[in-house]
Structure formats: structure tokens, C-alpha cells
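Take a look at the structure set out below.
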Amino acid sequence: SRQVNYVEPFKKIIKGSLFKFIKDFNFNLVPNSFNFTTDINRLKTERTYRFSSDAFKTWQNNRFGWNRNYALKWDLAKSLKIDFNAGNTAIVDEALYNPLRKAYIDIQRDVEIPASEADSYLRNSLAEFGRTRDYRHAINVSYNLPTRSFPIISWVNGRAQYSATYNWAGGSLRTIDSLGSVINNSQNVNFSLDLNMVQLYEKWPFLKKISEKARPTRSRTRRPSLDRNRGVDENGDDQKDDRKKDKPINPVVKALVRPLLLIRQIRFSYTDNRSTTIPGFLPQAGLIGMSDGFDAPGFEFAAGFQPDLDQGGWLDQAAGNGWISGNRWQNNPVIQIQSQKLDGRATLEPFDEFRVDITLNRDYNRTYSEEFRFNFDDQIFQHLAPKEVGSYTISYLALNTLFRDDIYELFREFENSRSVISKRLADEYALIGGHEKDPGFSEGFGKTNIDVLVPAFIGAYTGIPADKVKLD
């Protein structure tokens, strides 16, 4: 690790705040730190049974593990930072003596090898850094918007962050060549924006005096005597400008203008999380978890970007490259998960000591799964049994009906609007029949159908007519 020394080529050349964004330009060409840790654990046991035949008397059990962890931290600039962490769990295979076969066994190929090659077998396994059992890495990139370098927008703070993970989990030694391994990746995109309206108001002296809270009164103190002829105090300082600056705002003007500055702070936050799990992945994990040619599963997948699971997309291309197992016993589903969240908050303060917080939220969740299996009759891979579930939550304002006294009449409006919504949905899907159990409702859209209830509820409690409320 090292202390970060940013290169600022224009720091001593540019003066003044107009070109502050050029003056603040900086970069760092050398990583902050690079850490590497490794640990090797070897367990070797031999068990001998007293009352047993010679063929079953002595058994060996060897475990040789090698763990490696890497960490890179690099601040490319004061506002742009990158972190990379990776870990590899490997098994160093050894040739074991099998008393039943009376020979040393290559456990990867399950074949007998001469006793003279047992030591070289171990050395070769060490030279190859073992057999990867599990590989994972995480990437994090963060960027702070350089708004402070622009005086006109210094009241705005923004931050963007991208995080990604990738994992290759090796399958069983006996089935990894047929059933494959499991790969997984995820990505997280986060963006936040903070608007400090008070700092915006303070850019104008007049609005600053109106926006700031009243100062507590202080006891009177003896004012410095002024030289009537010169207009200066005892120390000779000019008081004219100070008296003009400290001139109080007319209370009537402040009472009229202060409510116009009621917005004090606005915050937005957006988060998008996605992940994909693909079983039956055949290529072995090498450097950064990819195959020897760095083609499988690809840099995009390793960087957290989500693959296209539609017909003809990434899955079909991977199957065409021989990356996906076609074994009939591989029946684990492909899973893709998405979660989006949008939060907003505004702080209103029409006058001092009276604060109102308004919050807005939107949540969307989706989980998709399918069976991607090989059809031995048609000799092609097929997308089977697709399943999609999810949820959607959003906040809304119902001020139009908030102060209505007759809540029972409002509920009856909700009930009556359901038939209108049902008719609109039926027209959209070209359905002309009536509902067999709910008279007055259209075919396929009864009074308890979720596609009918949600628009009817939103329309009734927000004051939107049933024939105009959105159906989606």
C-alpha cells in the first residue's frame, strides 16, 4: 500500500472560481494498494483396523487445500474510486493408495498410476495451483459528481455507484464433466442526488437574510464611539458598509417571501439489483474465473452484466458453444432476479420550527425461472416451463378524497367502478362474453380479479373516473 498522491496539473496555474473545474482536475496513475494472502492446509491421516483382513485394514484420507485472496484498491481520481476483491478456493489433488485395488489412484481420472509417480503427481498439481473448487470476485466503482467545482451548482451533491459479483462454484469431481458447475453473477446500480435548497438561497444576500433563522437577541453592549467627522470607530474602521450589511429585513417582506422558500431539501435515490444463476456450466475456471481463452462465460458476464435469456439470446449461444451441459439429469432451473427501488424525499418548511416531510417510494421485484434442457429427440436445447413472479409497490397521493366525510359512499364508488374496469379490460382483449359467476362483469375479469381491483381502487380513492384511470 502507498499514500495516494494525486496529480493536479492546473492547481497552480488556474486562479479564481470561474475555472475551478479545471483547477480541480486530478488523477492518480498508481494503485493505492494491492494485497495478496494465501494459506495452505494439508491434512493427512491413516487409519488401521485391528480386526480386519489385509485388504480392508489400512485406509488413507488426505485433504490438501489452497486458498488465495486478492484485493486491489485504486483511486483513479478524488471522485472516482475502484475496488476489486477476488478469492480462489483450490484443492491440491494427491494420488491415494487404494488397498482394494492395491495401487495408487489418480482421483481425477479414477485410473491406477505407478507408485513411483505419486510424488510427481503431487508436484504437478502444486505447479498448476491446484484444482479450483470455488472462485468469486467483487467489483465496486464509485463516482462523486464534481458539482463543488462549479459554483453555480455547488448546492447539488450526486453519487453514482456500480457493484458487481461473479461466482463459479465447481460441481462434484465425479459429475463435473457431465453435469457441470454453477455460475452466478449480480450487479447493483445505485444513484443518489441531494439538492440542498438552503445553500441555493444563500447565493443571494437578500434571500439569505430571509431564509436564515432569526438570531437570538443579545443584551445591549456599549457600541464603539464614532468619530462624527470621519465616520470611523475608535480603531479607525469604516462602519458604513457594516451597518448597511446588517440592516434587518422588513418583517412584512420576510413574512411574504419566506413561504416561497419553503422547499429546504430534496433527495432522490435509485437502486437496481439484478442477478443470474446458470447451472450446468461446463468450462473450468481459470484466471479471473474464466476459461483458458477468456471466452467463457465472457467479460460481460464476469463484470456483472445480465445475460439475455430470450430465445436466441445468451443461453442459446452458450449452448451452441458447448458451454451448457445436455445431460438428462441436469434439471436445475436457470434463475434471473431483478429488484428496482426509487425513493424520493422533500423537506418543506414554510416558516421556522414547522417542518413537513414528503416521501415517495416505488418498488418493483421480478423473479424469472425456466428449465433449459436438451431435447434428445430433436437434438436441440429448449426453453421449458418458464415461470415469472413479482411484486409492485408505489406510493400515491389521495388528497382529492382525503377529507371526504362519507367514507362508505367512497367505498361504494370503488365497488361500482369495478364493472367499468372489467368492461374496459374485456374490450382491450376482444372478449365479448359475460362472466359466468359475476353478473355485470365481462368474461375473464370478475369482481375479485386483481387486474380489476387495483385500477378501480386507485381511481376511486384518487378521484379519477373509472373510464379514465390507467389500466397498467
Side-chain angles (χ1 to χ4, degrees), residues 187 189-191 193 266-276 306 308-313 333-346 358-370 383-472:
Q187 72 171 181
V189 178
N190 180 269
F191 181 77
L193 189 66
I266 300 176
R267 291 180 177 177
F268 292 102
S269 176
Y270 173 77
T271 303
D272 188 337
N273 296 315
R274 305 186 183 202
S275 66
T276 300
Q306 300 301 290
D308 180 14
L309 301 184
D310 294 336
Q311 189 75 34
V334 176
I335 301 175
Q336 197 166 67
I337 301 175
Q338 180 182 7
S339 173
Q340 292 180 338
K341 186 173 184 179
L342 177 64
D343 294 325
R345 179 178 178 178
I358 299 177
T359 59
L360 300 174
N361 306 103
R362 176 187 176 275
D363 291 323
Y364 170 75
N365 297 282
R366 170 184 173 271
T367 300
Y368 173 82
S369 64
E370 69 172 39
H383 299 258
L384 305 174
K387 181 180 179 182
E388 185 173 355
V389 296
S391 64
Y392 182 77
T393 305
I394 189 172
S395 57
Y396 67 96
L397 297 176
L399 295 178
N400 294 338
T401 60
L402 181 63
F403 300 102
R404 286 185 54 172
D405 295 331
D406 191 356
I407 59 175
Y408 298 103
E409 178 64 25
L410 184 61
F411 183 77
R412 283 191 288 271
E413 291 180 10
F414 159 61
E415 288 185 310
N416 296 333
S417 64
R418 292 180 300 170
S419 59
V420 179
I421 301 296
S422 176
K423 178 65 169 57
R424 290 178 59 191
L425 289 169
D427 293 342
E428 184 176 330
Y429 289 93
L431 301 176
I432 58 176
H435 199 277
E436 59 181 4
K437 294 184 179 180
D438 298 331
F441 289 81
S442 300
E443 177 187 0
F445 299 98
K447 61 182 180 181
T448 58
N449 188 287
I450 190 66
D451 293 328
V452 174
L453 290 175
V454 173
F457 178 86
I458 293 178
Y461 285 89
T462 56
I464 303 176
D467 58 345
K468 295 182 179 180
V469 66
K470 294 182 178 180
L471 300 179
D472 55 355

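All values below were derived from every heavy atom in this structure, side-chain atoms included, with hydrogens, water molecules and symmetry-related copies excluded. Along the sequence shown, the residues carry numbers beginning at 1.
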Without placing hydrogens or testing angles, list every side-chain donor-acceptor pair under 3.5 Å for residues 408-417, not counting sequence neighbours.
unit_1 : atom_1 : unit_2 : atom_2 : d
E409   : OE1    : R412   : NE     : 3.3
E409   : OE1    : R412   : NH2    : 3.1
E413   : OE2    : R404   : NH1    : 3.4
E413   : OE2    : R404   : NH2    : 3.3
N416   : ND2    : R412   : O      : 3.1
S417   : OG     : E413   : O      : 3.2
S417   : OG     : F414   : O      : 2.8

Nearest 0.5 Å, please: how far is [atom2] in [Y] from [atom1] in [X]?
{"X": "E370", "Y": "I335", "atom1": "CD", "atom2": "CD1", "value": "11.0 Å"}
{"X": "L471", "Y": "E428", "atom1": "CG", "atom2": "CD", "value": "6.0 Å"}
{"X": "N190", "Y": "N273", "atom1": "CG", "atom2": "CG", "value": "8.5 Å"}
{"X": "K470", "Y": "I458", "atom1": "NZ", "atom2": "CD1", "value": "10.5 Å"}
{"X": "L425", "Y": "R418", "atom1": "CG", "atom2": "CZ", "value": "13.5 Å"}
{"X": "Q340", "Y": "D363", "atom1": "CD", "atom2": "CG", "value": "10.0 Å"}

With sequence neighbours left out, write down each residue that passes side chain to side chain contact (heavy atoms under 4.5 Å, CB included) with [X], or none if nothing qualifies.
{"X": "N361", "value": "D343, T359, S395"}
{"X": "D427", "value": "K423"}
{"X": "F191", "value": "L145, A160, L193"}

Name all pairs fulfilling the ring pair (Phe, Tyr, Trp, His ring centres under 6.0 Å) condition that reach into residues 418-452, sequence neighbours left out, sorted by first residue then second. Y429-F445

I'd like to check [X] versus [Y] (side-chain heavy atoms, cut-off strictly below 4.5 Å). Are they in contact?
{"X": "T462", "Y": "V469", "result": "no"}
{"X": "K387", "Y": "T367", "result": "no"}
{"X": "Y364", "Y": "Q338", "result": "yes"}

Quick one: salt bridge (charged side-chain N to carboxylate O under 4.0 Å, His left out) partners of D308, sequence neighbours excluded? none

Would the distance check show the side chain of Q306 and the main-chain N or O of T276 forming a donor-acceptor pair, the cut-off being under 3.5 Å? yes

For S442, is there any backbone N or O sitting under 3.5 Å from a side-chain donor or acceptor partner on S422? yes

Report the C-alpha distance between R366 and E388 in whole Å, list the side-chain angles of each, state the deciding distance to 0.1 Å, and finish with yes or no for side-chain contact (heavy atoms from CB on, under 4.5 Å). CA-CA 7 Å; R366 170 184 173 271; E388 185 173 355; 2.7 Å; yes

Check this for me: R362, atom CZ, are more than 12 non-hydrogen atoms of other residues, nucleotides or ligands nearer than 6.0 Å? yes

Ignoring hydrogens, what is the shortest heavy-atom contact between P455 and I450? Give both atom names and the distance. CD-O, 4.3 Å

